[in-house]
Structure formats: structure tokens, C-alpha cells
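See structure below.
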Amino acid sequence: MTYQLKFGTALIKKIDLHSSSDVSSKIDIGRIFSGFSLYESIDSPSISATISITDAIGMKSSLPVVGGETLEVEFSDSDPDASVINASLRVVKMINRVRLKTGVDSYDLVLTTNEFLKDQLSVLGGSLGAMTISKMVRNIFDTNIGVIGGKKLLTLEETNGLSRQTMNRTSPFTALNYLCSEARSTSKTSSSNFFFFETTDGYHFITLESLFGQSPAK
């Protein structure tokens, strides 16, 4: 019988926090974090995470958390043969800070991706015309998202018909979510219910029916 930890238990192989001002400055926070949660959703164009820290090593002196720090994490399921997941995330918020005792603070860090942060500062303008929605998605992704960190659009389901769309100073992620509602699948059996979302592997533009047709994965 193979020993298996309870569901939801991960094996953390690396968890380093890099300074926002000096990328060579980092701390292995494996000894001071008490919980880590990574979130993926077909309703969200970006992955996010929360990490709980109990700081008794004076991290605020050696690497103060001011926002923008990078968390590099590598983990897997508790199954010894499970695939390893890697993620690079940026600190955007500190919440639930509590002074437990002298010299010991507890707090949660909320994290997101570089692509999501860049999206908040980017706008699209002008017309996209005489092309399929799937080609529009490819153009927007390659020009505005893939260039930031080299992440790939792993799934791009083909759409039917030519379309003309005008982007009125909207962010790339907002534009891609809008195109989900405009897209029509080439499959005659599809309801054309498209989603644009990110997993730790990359990005996807795909219908709900195609997701249902995939094999389950951890």
C-alpha cells in the first residue's frame, strides 16, 4: 500500500522571496510560512496566491516587505510521482497583520502575476477587423501578454466567421474576456461558451465543452 498524505497536502521544494529593489537579495521562507494557497479559475485571466507567514527572524530588517517582491515557489502533490509545479508571483498586498508577541509578527501576503499587474496599466485602442475572433485573441495575447514573461497561449480554440471589433481604451484581459462572449466555435455541437484563463502551465482560450472533454488532471 502506497503512503499518501491527505488531500490538499503539497510538498514544497522551494519557496524564496526576492527583494523588489535588489533581485539578488532573497530569503528562503520555508521555515516561517504556515500556509500557501494557489488559485486557478476558468473565471479569472490570472492565477493568484496567498501565503501566511509567522515572522520571528526579523525579516522586516533583512528584506522588508513593501510590495512588488517576487515569490518563487516549486511544489508538487504529495504523491512521489506527481508533476512539479513552478510559479513566479508578485506581492501586491499584506493583510491580517497581528503582533503575536515581541519580535514576532503574523501576516498574509496576497500575490498575483506580472502579467496581471501590467494589465492594470495597459489599454488597447483602435479597431480589429476582418478576422476571426481566435486570430484577434492571438494578436492581443502576443502583443500585450506573452511579451511580458514569455508565457504561452497553450490552448486557442478556433472560432467561426469574420468579425470587426473596436477596443475603446480597455485593458488586454478585459478585451479578451469580452471576445469570449463574441466568439462562435467552429464545432457544431458546441454552445460557444468560451473562457480565457491562466493555469500554472500557461493561458487558454477554450469552450466549456472542450474542457469537459479533457481527461481529469491533478
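These numbers come from a predicted model, not from an experiment.
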### Query
Rounded to the nearest 0.5 Å, how far does NZ of Lys26 lie from CG of Leu17?
11.0 Å

### Query
Considering only heavy atoms from C-beta outward, does the side chain of Val92 approach that of Phe116 to under 4.5 Å?
no

### Query
Would Ser88 and Glu72 count as having a side-chain donor-acceptor pair, cut-off 3.5 Å?
yes

### Query
How many angstroms lie between atom CG of Asp108 and atom CD1 of Ile53, to the nearest 0.5 angstrom?
8.5 Å

### Query
Do you see a donor-acceptor pair shorter than 3.5 Å between the side chains of Glu158 and Thr186?
no

### Task
Apply side-chain hydrogen bond (donor to acceptor under 3.5 Å, both in side chains) to Glu40 and Thr199, showing your working.
CA-CA 6 Å; Glu40 297 177 354; Thr199 65; 4.8 Å; no

### Query
Nearest heavy-atom pair of Ser190 and Glu209: which atoms, and what distance?
OG-OE1, 3.4 Å

### Query
Would you say the side-chain atoms of Ser122 pair up with the backbone N or O of Lys118, donor to acceptor, closer than 3.5 Å?
yes

### Message
Pairing donors with acceptors under 3.5 angstrom, does anything connect the side chains of Ser134 and Thr159?
### Response
yes

#### Entry: From Asp55 atom CG to Arg31 atom CZ, the distance as rounded to the nearest 0.5 Å
10.5 Å

### Query
How is the hydrophobic cluster of Val104 composed, in terms of its other members, when Ile, Leu, Val, Met, Phe, Trp and Tyr link through side-chain heavy atoms under 4.5 Å apart, directly or indirectly?
Val98, Leu100

### Query
side-chain hydrogen bond (donor to acceptor under 3.5 Å, both in side chains) between Ser46 and Thr113: does it pass, once the steps are laid out?
CA-CA 7 Å; Ser46 177; Thr113 63; 3.0 Å; yes

## Note on the structure
Nearest heavy-atom contact between His204 and Leu153 is N-CD1, 4.0 Å

### Message
A side-chain contact here means heavy atoms from C-beta on lying under 4.5 Å apart; do Leu38 and Phe36 qualify?
### Response
yes

### Task
To the nearest 0.5 Å, tell me how far Ser20 OG sits from Arg90 CZ.
7.5 Å

#### Entry: Validation row: Leu109, Val65 side chains within 4.5 angstrom (heavy atoms)
yes

### Query
Relative to the ring of Tyr203, is the ring of Phe196 parallel (under 30°), tilted (30 to 60°) or perpendicular (over 60°)?
parallel

### Message
Surrounding NZ of Lys93 (heavy atoms of other residues, nucleotides or ligands, distance under 6.0 Å), is the total greater than 12?
### Response
no

### Query
If you take all heavy atoms of Leu89 and Ala49, which pair is closest and at what distance?
CD1-CB, 3.7 Å

### Task
Check each of Val73, Asn86, Ile85 against Thr200 using the side chain to side chain contact (heavy atoms under 4.5 Å, CB included) test, and report the only one that passes.
Ile85

### Message
Which residue is it: Ile32, Ile27, Leu71? I am looking for the one with a side chain to side chain contact (heavy atoms under 4.5 Å, CB included) to Ile15.
### Response
Leu71

#### Entry: Between Asp119 and Ser171, a side-chain donor and acceptor under 3.5 Å
yes

### Reported CD-to-CD distance for the pair Glu115 and Gln120, which is rounded to 0.5 angstrom
12.0 Å

#### Entry: Taking every non-hydrogen atom, the tightest pair across Leu176 and Phe205
O-CE1, 4.5 Å

### Query
Judged by modelled atom types alone, do Ser48 and Thr112 share a side-chain donor-acceptor pair under 3.5 Å?
no

### Query
Is Glu198 paired with Lys151 through a side-chain N to carboxylate O contact shorter than 4.0 Å?
yes

### Query
Taking Glu74 as the fixed residue, which of Val84, Leu11, Asp16 is the one that meets the side chain to side chain contact (heavy atoms under 4.5 Å, CB included) rule?
Val84

### Query
For Ser25 and His18, does a side-chain donor sit closer than 3.5 Å to a side-chain acceptor?
no

### Task
Grab the two heavy atoms, one from Phe195 and one from Cys180, that are nearest each other, plus how far apart they are.
C-SG, 3.6 Å

### Message
Counting C-beta onward and ignoring hydrogens, is there a side-chain heavy-atom pair between Thr132 and Leu162 closer than 4.5 Å?
### Response
yes

### Summary
Here the gap from Arg138 atom CZ to Met131 atom CE, rounded to the nearest 0.5 Å, amounts to 13.5 Å

### Query
Which atom pair, heavy atoms only, marks the closest approach of Thr166 to Ser127?
OG1-OG, 3.4 Å

